[in-house]
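Notes follow the structure.
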Amino acid sequence: MSLLSVRDLTVKFAMRDQTVTALDQISFDLGKGERLGIVGESGAGKSITGFSLMNLLSRPGFIDSGSIQFEGEEIAGLPDRKMRSIRGNRMAMIFQDPMVTLNPVLTIGQQMVETLQAHRRLSRADAEQIAIMKLREVYIPSPEERLAQYPHELSGGMRQRIIIAMALLLEPQLIIADEPTTALDVTIQADIMELLLELCTSNMVGLILITHDLGVVSQMTERTLVMYAGRIIEAGKTREIINDPQHPYTQGLINALPQQTLPGHRLKQIPGNMPGLAAIPTGCAFNPRCPYAVDHCRSTRPETVSYASVEVACHEVNRLHNTVLEDESA
Amino acid sequence: MKDLTAEVETQTILELRNVEKRFDLDKGFLETLKFKGGRFTREQRSVHAVNNVSLEVKRGEALCVVGESGCGKSTVARLVAGLLEPSAGEIHYDGQRIDNKSRGQLLDLRKKMQMIFQNPYASLNPRMTIQQALEEPVRYHNPGLSRGEVRAKVAEVMKSVGVDPSWSSRYPHEFSGGQRQRIAIARALTVDPEFIIADEPISALDVSIQAQVLNLMLEAKEERGLTYLFITHDLSVVEHFGTRVVVLYLGSVCELADTRTLFSNPKHPYTKALLSAVPQLKDDKPNHIRLKGEIPTPINLPPGCPFESRCASANARCREEKPRPIVQPDGAMVACHAVEEGRLSPEI
Ligand SMILES: Nc1ncnc2c1ncn2[C@@H]1O[C@H](COP(=O)(O)OP(=O)(O)OP(=O)(O)O)[C@@H](O)[C@H]1O
Ligand SMILES: Nc1ncnc2c1ncn2[C@@H]1O[C@H](COP(=O)(O)OP(=O)(O)OP(=O)(O)O)[C@@H](O)[C@H]1O
Ligand code: SF4
Ligand SMILES: [Mg+2]
Ligand SMILES: [Mg+2]
C-alpha cells in the first residue's frame with residue numbers, strides 16, 4: 001500500500017464572477033519513505049497541491065472532486081477536527097517563510113512543548129527533553145538555551161532548521177516542504193537540504209518537495225512531477241526527466257537554464273508566460289508557447305500516456321521523439 | 001609584485017578605491033553615550049556594510065558581484081549609482097572622481113549610467129502608463145526632439161525588448177513580471193547609456209522568463225557595447241553572463257577573477273564553499289563543503305579575516321590580521337592568509 005494516493009484531484013476557486021480551476025485532475029502516488037519533487041514555474045499549482053493534501057485550502061478554494069488517500073484512509077473533505085489530528089501528527093508541512101509556522105511572541109520551547117502536548121500525553125519536562133533531542137538532530141548548537149529564545153533572535157537558516165525540528169517532533173510519515181530554502185543563501189540551502197535528506201532517509205519519512213529549482217529536485221528526489229497551469233504534464237523518475245525530458249514544457253524549462261548554453265550565448269527561451277487561471281487556453285494549456293503545437297493541440301486536451309518510462313500529457317510526444325531520432329541519424 | 005598595467009589593454013571605465021560604507025545605528029548624541037566601567041563614554045555603533053573595497057570595471061565587460069545576503073552587494077551598487085555616499089575612499093568614472101559631486105553636477109553622467117532593480121516597481125511608477133514612463137527619460141535627456149520623434153523612439157525601444165508598442169497606454173500592473181522587467185530595461189536603454197548597474201534584475205523571475213530578460217541584456221551588451229555591474233546570487237547566471245566576478249563576504253572582497261578562472265579554479269575557501277553548494281542538475285554526488293560556525297554581524301566585525309569564524313583553515317594570524325587581496329599567478333586576486341602561505345586545508 002502506498003503512503004499517499006491522489007486520484008483525479010480537482011481544486012477550484014469560486015471567484016466573484018466565475019469559478020476557475022486551479023488543479024485539474026491530478027493523480028500520483030507516494031510510497032513509504034519515498035521522496036517526490038513537484039516542479040514548475042510560478043502559478044503552476046504547486047503550493048495549492050501541498051495545501052490540498054494538508055487540507056489547508058482556504059476560501060475561495062475548494063476540492064471539487066477526486067480522492068486523497070493517506071495510509072489507506074480517505075482524507076479529502078475530512079472535517080477539520082479529524083484532519084487536525086493527522087496534520088502535524090502523521091503529516092507535516094514546512095513553508096518557505098518560517099514565520100508562517102513560528103509564533104513571534106512565544107519562545108521556541110513554548111511552541112515545541114505546546115505542539116507535543118497537543119498530540120501526546122506528556123509532562124512539560126518530558127516534552128522539553130524531546131524538543132531538545134529534536135533540536136540536536138537538526139544540529140542546533142546549545143539547544144537547551146535556544147528553548148528560551150524567540151524566533152526573531154535567530155538567523156534565517158537557524159529558524160528554518162527549527163521548523164524542520166518541529167515538523168519532525170511527532171515523527172510524521174510524510175513531510176511536505178514548500179520551497180523550504182528559497183529565501184536562504186546557497187551555502188545555508190545546501191546544509192538544510194542535506195539535513196532534510198538525511199532525516200527522511202534515516203527515519204523512512206516520505207517527502208514531497210515543492211520547488212522551482214531543478215537542481216534541488218535533482219539532488220533530493222527519486223521521482224518528479226512537472227506541473228503547468230494546474231496539471232501534471234510529466235511525471236517519472238527524476239533522473240530520467242532531467243536527462244531525457246519528454247514534454248515540450250519540461251524540455252523548455254531545462255533548456256532555458258544558463259548551464260545548458262555556452263557562456264555568453266543566447267539562452268533558449270520559452271516565449272510567453274504561464275497563463276492565469278481565468279485564461280487557461282483550451283486544448284493543451286501549453287499550446288500558445290509550444291514550438292510543436294498543431295491544430296489538435298489547440299482543440300483537444302491531451303491525456304496522460306506512458307512514454308519512454310515517464311508519464312506525459314502531450315499529443316505530439318510520438319512525433320517529437322521521432323523528429324529527434326531523425327535529427328540524430330541525419 | 002608583477003606590473004599588471006602592461007597586460008591591461010582594455011580601458012577602465014569605473015574604479016572603486018578603498019571604498020568604505022558605514023551606516024550609523026545611533027543617530028543622536030545621547031544615544032551614543034554608554035555607561036561603562038563607572039563612567040560615560042561615547043560609542044557609535046555602525047553597520048560596516050562595505051569595507052575597503054577596491055575594484056575596476058573595464059569598458060564592455062560584465063563584472064558580476066556575488067555573495068550571501070547582507071554582504072554589501074546592493075550597497076556597492078547604490079554607491080556607484082550615487083544613491084549613497086561612501087564613508088571613505090573614492091569612486092572614479094571615466095577618469096573623473098564622482099563620489100564627491102552633487103547629483104546636479106553629474107547630469108551628463110546620469111545619462112551614461114542607468115540602474116535596474118530587482119523589483120521592476122522600483123524603477124517604474126505605477127501611476128504612469130508605459131508610454132509616459134518611457135517618454136520621460138527620452139525628453140529629459142533629449143530636450144530637442146519633436147513629439148513625433150519621441151513617440152518613434154519609444155516605439156522602437158518597446159519593440160527592441162519584445163513588448164508590443166500598441167500596449168503603450170497600459171499601466172505597469174497590467175504586465176507580467178517578466179514584461180515589467182523588460183520594460184524597466186527598455187526604460188534604462190532609452191537614453192543610450194554606456195554603463196548599467198543591475199541589482200538582481202532576474203532574481204524574482206521564473207526560469208523561462210529569466211532567459212528572456214538575460215538574452216535581452218546580452219543583446220544590449222553586444223549591440224551597444226554596454227558595460228555592466230551585475231549583481232546576483234545565482235552562480236549559474238554569473239558563469240553565463242559575467243566576464244569577471246567579484247566575491248564579497250561581509251563587505252570585503254574575498255576573490256576577484258575572470259569568470260572562467262573562478263569557476264575552474266576557485267581559491268578562497270569561501271568561494272570554494274559557495275561553488276560547492278550550488279545544486280547540480282546532472283551530477284548526483286554533490287561534494288558539498290559544510291561551513292561550520294556562525295556568520296558574524298557587520299556591526300561587530302572581527303578584527304582579522306571576516307571569514308575566519310567559518311573557515312577550516314583559520315589560524316592565529318587569521319584571527320588578528322585582515323588579509324589583503326594578492327594577485328595570483330593566473331591573475332585572480334585573493335584575500336586569504338592560507339592561500340598566501342600555501343597552507344590551505346586539503347579537505348577543502
Ligand atoms: N486564494 C486564491 N484565490 C484565487 N486564486 C488563487 C488563490 N491562491 C492561489 N491562486 C491561484 O492558483 C494558481 C496556483 O497557485 P500556487 O500558489 O499553487 O502556485 P505555485 O505553483 O505554488 O507558484 P509559486 O512558485 O509562485 O509559489 C495561481 O494562478 C494563483 O494565482
Ligand atoms: N540604510 C541602511 N541602514 C543600516 N544598515 C543598512 C542600510 N542599508 C544596508 N544596511 C546593511 O548593510 C549590510 C549590507 O546590505 P546590502 O543591502 O548591501 O546587502 P546585499 O548583499 O545586497 O544583500 P541581499 O542579497 O540580501 O540583497 C546589511 O547588513 C544591511 O543590513
Ligand atoms: S500537446 Fe501540443 S502544444 Fe501541448 S506540449 Fe504537446 S505539442 Fe506542445
Ligand atoms: Mg508556491
Ligand atoms: Mg541586495
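Keep in mind it's a predicted model, so treat the numbers as computed, not measured. The sequence lines fix the lettering, A, B, ..., with proteins before strands; numbering per chain opens at 1.
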Which residues share a side-chain hydrogen bond (donor to acceptor under 3.5 Å, both in side chains) with Tyr150(A), sequence neighbours left out = none
Compare every heavy atom of [Y] with every heavy atom of [X], then report the nearest pair and how far apart it is.
X: Glu41(A); Y: Ile209(B); value: OE2-N, 4.3 Å
X: Ala256(A); Y: Val207(B); value: CB-CG1, 3.9 Å
X: Asn273(A); Y: Gln179(B); value: ND2-CD, 4.3 Å

Given that the side chain runs from C-beta out, which part of Thr261(A) has a heavy atom under 4.5 Å from chain B: side chain, backbone, both or neither?
->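 Its backbone and side chain both get close to chain B.
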In terms of heavy-atom proximity below 4.5 Å to chain B, should Asn255(A) be classed as side chain, backbone, both, or neither?
-> neither
Taking [options] one by one, which has the highest count of heavy-atom pairs under 4.5 Å against chain A?
options: Gly242(B), Ala211(B), Gly67(B); result: Ala211(B)
options: Leu205(B), Leu218(B), Val278(B); result: Leu218(B)
options: Glu219(B), His233(B), Lys221(B); result: Glu219(B)

State whether a side-chain donor-acceptor pair under 3.5 Å links Ser218(A) with Gln280(B).
->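 Checked: Ser218(A)/Gln280(B) side chains show no N/O donor-acceptor pair below 3.5 Å.
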Do Thr187(A) and Glu68(B) meet the criterion of a side-chain donor-acceptor pair at a distance under 3.5 Å?
->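 Result is yes, a qualifying pair exists.
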So, does Gln212(B) use its side chain to make a donor-acceptor pair with the main chain of Ile270(A) at under 3.5 Å?
->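 Yes.
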Evaluate the side chain to side chain donor-acceptor pair (under 3.5 Å) criterion for residues Ser208(B) and Gln269(A): first the C-alpha distance (whole Å), next the side-chain angles of each, then the deciding distance (0.1 Å), finally the verdict.
-> CA-CA 6 Å; Ser208(B) 69; Gln269(A) 62 188 50; over 6 Å; no
